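For the numbers below, each heavy atom of this structure counts, side chains included, while hydrogens, waters and symmetry mates do not. Everything numeric in this text was worked out from a predicted model, so none of it was measured. Within every chain, numbering begins at 1; the chains are lettered A, B, ... in the order of the sequence lines, protein sequences first and strands thereafter.
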Number of protein chains: 2
Amino acid sequence: MSVEDGIDFAIIELFFFAYRDFTSDPDQMLADYGFGRAHHRVLHFVNRRPGLTVAELLDVLKITKQSLARVLKQLIDTDHVVQLQGPRDRRQRELYPTAKGRALALALARPQSRRIRAALEDSGATERTLVERFLEAMVNPELRAQIDVGSAKMSGKSHGEH
Amino acid sequence: MSVEDGIDFAIIELFFFAYRDFTSDPDQMLADYGFGRAHHRVLHFVNRRPGLTVAELLDVLKITKQSLARVLKQLIDTDHVVQLQGPRDRRQRELYPTAKGRALALALARPQSRRIRAALEDSGATERTLVERFLEAMVNPELRAQIDVGSAKMSGKSHGEH
DNA sequence: GAGATTATGTCAGTACTATTGACGTAATTT
DNA sequence: AAATTACGTCAATAGTACTGACATAATCTC
């Protein structure tokens, strides 16, 4: 059962290898832009949830605002992300990807998506759902609400260029 | 199908959340020792493959020897790992966990294993195998040989105290 | 309206993990 | 004897993260 001392070393190790390789393709591409994995994460979530505020982004990423600052500033300076004053609350900054930002987010996601497709290649919808359910169950329960499982909720925002 | 632009954003995002939370429990415990995630990885593989050489460890972790040096030195200084001169080739250093090292490796793996068990709780052997196969398929093909899938191969080495 | 709170930004210092490049030593191979 | 290998170490740098402190503008509360 690949278990010693009652510990599931097999999946623990597989998870490490799988995640490392999963992030390796975008990591290499990011180097060309002078970006790192942190930029990828920010860009990913801004692209996925256009119009989210800085506070919301911090809550999703679970990092401090000081950590976000550098990365977000670089993404703004390089015209990948724009900030708009919040319509309801003018203290807030809503974050949107630019066309350039969306293109990069897509380019970074492409090899990851390809890898997933290859890993599921002989699998049907059942297997796919099972993997999704497993991954979701690995997330801390109190955070599962943050996850978009189905098609992305575009939050009814404009989604256009800014 | 939770796919936009042909990109599997759902699993990409789930994988990020899942891995982050998966590593969070040992990360917290490691802080008590003044250790980081790098120490966990080294200790894990030394524990899993007792007697592996420094070069083999570098090859598994895919880091440079300079990166390994600090971490390994600390694990040796704190009596979690010992080095033995290679029996065949005296230039080599075989790495073994001490009892203390094995205890820590086990303690760090416990919450991770618990999380996996919980995630698979209503699943049978089929689902487990499927998740294992998915994770393995996510790993770069040329590296799959390094992975111990079944019960750990203890490499025929003593496995005792050193 | 005054004061408290909130959202965001920024400065300073520190820690951890990783890198490249260079050099040294002992052991093995050719 | 010379080249190569396994390992260790020194130095400099980068990327991501942290805590703590302070500033500003906007909103909320009394």
- Item | Options C/dT17, D/dA26, C/dA22, nucleotide nearest the side-chain atoms of B/K65 | C/dA22
- Task: Quickly work out the A/L68 CG to C/dC11 P distance and round it to whole Å.
- Result: 15 Å
- Query: Quick one: is D/dA17 close enough that its OP1 or OP2 comes under 4.0 Å of any side-chain N or O from A/R41?
  - Reply: yes
- Item | A/L58 CG to D/dA17 P, straight-line distance once rounded to whole Å | 11 Å
- Item | Spacing of A/D27 atom CG relative to C/dT17 atom C1', expressed in whole Å | 13 Å
- Phosphate OP1/OP2 of D/dG15 contacted by A/H39 side-chain N/O (<4.0 Å): no
- note: A/I63, atom CD1; C/dC16, atom C1'; distance rounded to Å ~ 16 Å
- Query: Between C/dT17 atom P and A/F16 atom CZ, what is the distance in whole Å?
  - Reply: 13 Å
- Query: Under a 4.5 Å side-chain heavy-atom rule over Ile, Leu, Val, Met, Phe, Trp and Tyr, are A/L130 and B/F22 clustered together?
  - Reply: no
- Figure out the CD/C1' separation between A/Q74 and D/dT16, and round it to whole Å. 11 Å
- A/Q92 CD - D/dA26 P separation (whole Å): 13 Å
- By nearest-nucleotide position on DNA chain D, the 5'-leaning member of B/L72 and A/S67 is B/L72
- Task: Could you check how far CZ of A/F35 sits from C1' of D/dT16, rounded to whole Å?
- Result: 15 Å
- Item | Under 3.5 Å donor-acceptor pair, A/Q66 side-chain atoms to C/dG9 base atoms | no
- Query: For the side chain of B/R91 and the base of D/dT5, is some donor closer than 3.5 Å to an acceptor across the two?
  - Reply: yes
- Task: Report yes if a side-chain nitrogen or oxygen of B/R90 is closer than 4.0 Å to either non-bridging phosphate oxygen (OP1 or OP2) of C/dT28; otherwise report no.
- Result: yes
- Evaluate whether atom NZ of B/K62 has more than 12 neighbouring non-hydrogen atoms of other residues, nucleotides or ligands under 6.0 angstrom away. yes
- Message: Please determine whether a side-chain nitrogen of the Lys or Arg among B/R133 and A/D122 lies less than 4.0 Å from a carboxylate oxygen of the Asp or Glu.
- Response: no
- Message: Counting only side-chain heavy atoms from C-beta out, which of D/dG8, C/dG9, C/dA18 sits nearest to B/R93?
- Response: D/dG8
- Message: If you compare every side-chain N and O of A/Q83 against the phosphate oxygens of C/dG9 (OP1, OP2), does one of them come in below 4.0 Å?
- Response: yes
- Query: Pick one: which of A/L58, A/V54, A/L57 meets side-chain contact (heavy atoms from CB on, under 4.5 Å) with A/K65?
  - Reply: A/L58
- Minimum heavy-atom distance B/G86-B/E94, with the two atoms named: CA-CG, 4.2 Å
- Message: Base, sugar-phosphate or nothing for A/R70? Non-hydrogen atoms, less than 4.0 Å.
- Response: base
- Within the modelled atom types, does a donor on one side and an acceptor on the other bring the side chain of B/K73 and the base of D/dG8 under 3.5 Å apart? no
- Message: Please confirm whether the shortest side-chain N or O distance from B/T64 to OP1 or OP2 of C/dA18 is below 4.0 Å.
- Response: no
